[in-house]
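Encoded as structure tokens, the structure appears first; notes follow it.
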Amino acid sequence: KCDLTVVPCKGLTRKMNFHDTGLPWVLTSPHITRPDTSMFYAATGIMGELRTVSEGVGYPLPFEMAGAPNFDAEKLANYMNSQNLPGVFFRPIYYKPFYASYKKELCGGVQLHITDPETVHLTSIQFYVMDYVRKNHPEMKLFGNKRDNMFDKVCGTDQIRKMFSEGKPLKEILAVWNEGVEEFKTQRSKYLLYK
């Protein structure tokens, strides 16, 4: 357990998850009510800024879902599971948000189940969902509304949006998204408080 009177906290390691620290969870957002929700936020939060696909905000599983009224839950789950993404499983689900995107509308979608936090690549999950949308629901416009700017801000660039809009293959989009990751890890290593 961490001694809150000591900074940096003694006894912590980078391999620990939040539950291992013994610290109380303090909400970082009204929709991030549990420590593991922060992982789901990384998996769907960027996509959720567009408000085209529901990420579960407005339902008791915020950021743990991806769906829309015109989605076939089984088809989406089969597609996502067929991508063989490490550390995550997608369960078909039908749900009605109480508020936010698609309030009181029946949505078909998937619930994300993180099976291995060590291997899952959280941020790429939402880009696979967006790729599914552009391939299977061309009537749904991911971009072109007032939320594009917010999507660009949370991505840190407009390049991801432009590549999706230009129909670039997902593999190319993910390559751009992951540019510089290893270099960043090397640069940050000397600043890490916990090894």
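FYI, side chains are in, hydrogens and waters are out, and symmetry mates aren't considered; it's all heavy atoms of this structure.
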Practice problem: Quick one: do Ser54 and Tyr59 satisfy side chain to side chain donor-acceptor pair (under 3.5 Å)? Show the steps, please. | Solution: CA-CA 10 Å; Ser54 164; Tyr59 193 73; over 6 Å; no

Exercise. Would you please test Thr44 and Met65 for side-chain contact (heavy atoms from CB on, under 4.5 Å) and show each step?
Key: CA-CA 8 Å; Thr44 64; Met65 307 169 81; over 6 Å; no

Testing the basics here: between [X] and [Y], what is the closest heavy-atom pair and its distance to 0.1 Å?
| X | Y | result |
| --- | --- | --- |
| Pro35 | His19 | CG-CE1, 4.0 Å |
| Lys168 | Glu172 | CD-OE1, 3.7 Å |
| Gly67 | Tyr102 | O-CE1, 4.3 Å |
| Ala77 | Phe90 | CB-O, 3.8 Å |
| Arg134 | Leu170 | NH2-N, 3.6 Å |
| His31 | Pro62 | O-CG, 3.3 Å |

Can you hop from [X] to [Y] via hydrophobic side chains spaced under 4.5 Å?
| X | Y | value |
| --- | --- | --- |
| Val154 | Val133 | yes |
| Met150 | Met140 | no |
| Leu85 | Leu122 | yes |
| Leu27 | Met39 | yes |

Heavy-atom side-chain contact between [X] and [Y] under 4.5 Å:
| X | Y | answer |
| --- | --- | --- |
| Ser38 | Phe18 | no |
| Leu61 | Phe40 | no |
| Gln126 | Thr123 | yes |

Quiz item: Do the side chain of Arg147 and the main chain of Glu49 share a donor and acceptor less than 3.5 angstrom apart?
Solution: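 Between the backbone of Glu49 and the side chain of Arg147 there is a qualifying donor-acceptor contact (under 3.5 Å).
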
Practice problem: Look at the rings of Phe127 and Trp177 and say which category their plane angle falls in: under 30° parallel, 30 to 60° tilted, over 60° perpendicular. | Solution: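 Plane angle over 60°, so perpendicular.
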
Quiz item: Does a side chain donor of either Tyr41 or Thr28 reach within less than 3.5 Å of an acceptor in the other side chain?
Solution: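 The criterion, which ignores hydrogens and geometry beyond distance, is not satisfied for Thr28 and Tyr41.
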
Quiz prompt | Criterion side-chain contact (heavy atoms from CB on, under 4.5 Å) on His137 and Tyr132, from CA distance to verdict | solution = CA-CA 8 Å; His137 292 280; Tyr132 171 86; 3.9 Å; yes

Quiz item: Passes side-chain contact (heavy atoms from CB on, under 4.5 Å), Trp25 versus Ile32? Steps please.
Solution: CA-CA 10 Å; Trp25 177 253; Ile32 302 180; 3.8 Å; yes

Practice problem: List in chain and number order the residues that pass side chain to side chain contact (heavy atoms under 4.5 Å, CB included) with Thr13, two or more places apart in sequence or in another chain; answer none if no residue qualifies. | Solution: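 In terms of side chain to side chain contact (heavy atoms under 4.5 Å, CB included), with neighbours along the sequence ignored, Thr13 is linked to Lys15, Met16.
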
Quiz item: Quick one: hydrophobic cluster around Leu106, which other residues, with the 4.5 Å side-chain cut-off, linked directly or via members?
Solution: Tyr94

Practice problem: Would you please test His121 and Asn178 for side-chain contact (heavy atoms from CB on, under 4.5 Å) and show each step? | Solution: CA-CA 11 Å; His121 190 269; Asn178 290 304; 3.2 Å; yes

